[in-house]
Undergrad: 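Mind having a look at this structure? Questions to follow.
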Amino acid sequence: MERWTEVNKGMIPNGNYLMHLQCGNAKNFTVFLESDKFEITLEFSRAMSFHCVDESRWLFLPYDMEAFSYYQKKKFDNVLYRIHGGEYFSFSKKYVEESFKDKRVIHYILVILNYFLEVINLGVINVTVKKLETGEIQKYVVDGTEG
């Protein structure tokens with residue numbers, strides 16, 4: 001059964017974020033979130049794969065509805081969640097079983113406006129939160145033990 005847990009609740013302020021992705025051979029997989037109040041950077045140090053769903057275009061979302069609906073009722077008041085027992089994790093593991101041996105593999109999901117971005121990650125996430133009004137910057141490291 002799929003289970004979602006909030007990761008560092010409040011670390012990423014709730015807001016209506018636009019999302020930009022950066023990936024390539026020389027760079028870590030990086031997610032940039034922008035709102036009228038904040039700029040957020042999530043740098044996944046060892047992302048294995050990612051999957052993005054535009055919820056407005058899917059009749060049925062690929063998530064366990066019991067777990068999903070709990071956070072939906074809370075209007076997804078957190079941005080970053082960890083999924084335990086998720087379908088995307090199972091799908092990924094099926095095709096790259098050898099890569100999962102003896103490694104701590106974490107399945108994350110970011111909920112942004114109409115998008116759900118799932119990431120299978122083998123390392124930490126370096127998070128930078130910049131408050132646009134003051135220029136104040138806060139840095140966090142998510143190591144997979146949160147939530």
Undergrad: Roughly how far apart are Cys52 SG and Leu117 CG, rounded to 0.5 Å?
TA: 5.0 Å

Undergrad: When rounded to the nearest 0.5 angstrom, what distance separates NE2 in His107 from CH2 in Trp4?
TA: 8.5 Å

Undergrad: Is there a side-chain contact between Phe89 and Ile83 (heavy atoms, below 4.5 Å)?
TA: no

Undergrad: Could you tabulate the donor-acceptor pairs under 3.5 Å formed by side-chain atoms of residues 34-45, not counting sequence neighbours?
TA:
from	atom 1	to	atom 2	distance (Å)
Ser35	OG	Lys37	N	3.1
Ser35	OG	Phe38	N	3.0
Ser45	OG	Val124	N	2.9
Ser45	OG	Val124	O	2.9

Undergrad: Indicate yes or no: at least one non-hydrogen side-chain atom of Ile120 is less than 4.5 angstrom from one of Phe50.
TA: no

Undergrad: For Ile106, does its backbone N or O pair with a side-chain atom of Asn121 as donor and acceptor, under 3.5 Å?
TA: no

Undergrad: What is the distance from atom CZ of Phe29 to atom CD1 of Ile125, rounded to the nearest 0.5 Å?
TA: 10.0 Å

Undergrad: I need the Asn14 CG to Asp77 CG distance, nearest 0.5 Å.
TA: 6.0 Å

Undergrad: Would you check if the side chain of Tyr17 reaches a backbone N or O of Phe32 as a donor-acceptor pair within less than 3.5 Å?
TA: no

Undergrad: Taking Asn28's backbone N and O only, do any of them form a donor-acceptor pair with Thr30's side chain (distance below 3.5 Å, no angle check)?
TA: yes

Undergrad: Apply side-chain contact (heavy atoms from CB on, under 4.5 Å) to Ile137 and list each qualifying residue two or more places apart in sequence or on a separate chain.
TA: Thr128, Lys130, Lys139

Undergrad: Verify the cluster assignment for Leu21 and Val79: are they in a single hydrophobic cluster under the rule of side-chain heavy atoms below 4.5 Å apart?
TA: yes

Undergrad: In chain order, what residues pass the side-chain contact (heavy atoms from CB on, under 4.5 Å) check against Tyr140, with sequence neighbours excluded?
TA: Met11, Val127, Val129, Gln138

Undergrad: Does a side-chain N-to-carboxylate-O contact under 4.0 Å join Arg104 and Asp143?
TA: no

Undergrad: Quick one: pull up NE2 in His51 and CZ in Phe91 and give me the separation to the nearest 0.5 Å.
TA: 8.0 Å

Undergrad: Just wondering, are more than 12 heavy atoms of other shown residues or ligands nearer than 6.0 Å to NZ in Lys9?
TA: yes

Undergrad: Could you tell me the separation between the OG1 atom of Thr5 and the CD1 atom of Ile109, rounded to the nearest 0.5 Å?
TA: 11.5 Å

Undergrad: Could you tell me whether the side chain of Tyr81 reaches within less than 4.5 Å of the side chain of Val7, counting heavy atoms only?
TA: no

Undergrad: If every non-hydrogen atom of Val31 is compared with every non-hydrogen atom of Leu33, which pair is closest and at what distance?
TA: CG1-CD2, 3.8 Å

